[in-house]
Amino acid sequence: MQSSLFSDAIPHSQSIEVEQGQLELVTNLFPSPEAERLFQQLMDNLQWRQEYIRIQGKVLPIPRLQAWYGDPGTGYGYSGIKLEPLLWTPELIQIRERLQELTARKFNSVLCNLYRNGQDSVAWHADNEAELGTNPVIASVSLGATRRFQLKPRRGRGETLSLDLPHNSLLVMAGALQHHWIHQVPKTRRPVGPRINLTFRQIHPGSR
Ligand SMILES: O=C(O)CCC(=O)C(=O)O
């Protein structure tokens, strides 16, 4: 039985049993009107951008919009994309404070994803870039439409685990999870509205 990631018992939180990693889901992260307001302000105020990746010589748009915010010096890169941090907005500071209080961890940066509809997605990957260090704690907030989040073991034929991440929830990934598991948000044919995902991280500059 794994121990909870949180120092105190958090209302609306549940541990999800996974081998070689820790996963905790918190629902009702903010009072409901606050969550609605945050969703709308993040939609309106974040500097959403279309990023491109190169795959087999072709430059392709990634199927979602993104924005990267953080402390100065927390530049971040993956799949050939290099992101320089924008300055924290008041809404991101408010959410970060809530997460730091819940997890007793510090986060100096956040990758923001906007899934405009069911055709937006993120492919199988792990958050295991060198600058995240060993066994990173990733605090991933969902606002807006519910989307399915899947995890599968990096090696072997282990079963895929599926979770629906609802509006106003927090998924914390920790322990050795990023070494042993990969995750994705698949496309869906269901008509779904926009969803914002914020993955708060602690970047260790200079570890690349
Ligand atoms: O949208 C999500 O819940 C996951 C996002 C994600 O995997 C990432 O940004 O690395």
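Atoms within a ligand are numbered from 1 in the order they appear, just like the ligands themselves. The chain is numbered in sequence order, starting from 1.
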Give every pair made of an N or O atom of ligand 1 and a protein N or O atom lying under 3.5 Å apart, one pair per line with both atom names and the distance to 0.1 Å, or write 'none'.
residue	atom	partner	partner atom	Å
ligand 1	1 (O)	Tyr115	OH	2.6
ligand 1	1 (O)	Arg195	NH1	2.8
ligand 1	1 (O)	Asn197	OD1	3.4
ligand 1	3 (O)	Arg195	NH2	2.8
ligand 1	3 (O)	Asn197	ND2	3.3
ligand 1	7 (O)	His125	NE2	3.1
ligand 1	7 (O)	His183	NE2	3.0
ligand 1	9 (O)	Asn113	ND2	3.0
ligand 1	10 (O)	His125	NE2	2.8
ligand 1	10 (O)	Asp127	OD1	3.1
ligand 1	10 (O)	Arg201	NH2	3.4

- Query: Listed by chain and number, what are the ring-ring contact (aromatic ring centres under 6.0 Å, His included) partners of His125, not counting sequence neighbours?
  - Reply: His183
- Kindly work out whether a path of hydrophobic side-chain contacts (I/L/V/M/F/W/Y, heavy atoms less than 4.5 Å apart) joins Tyr52 to Trp68. no
- Would you check if the side chain of Arg154 reaches a backbone N or O of Gln178 as a donor-acceptor pair within less than 3.5 Å? yes
- Item | Arg64 side-chain N/O to Ser121 backbone N/O, donor-acceptor pair under 3.5 Å | yes
- Message: Can you confirm whether Leu60 is buried at CG, in the sense that more than 12 heavy atoms of other residues, nucleotides or ligands lie under 6.0 Å from that atom?
- Response: yes
- Quick check: are there more than 12 heavy atoms from other residues, nucleotides or ligands sitting under 6.0 Å from CD of Glu159? no
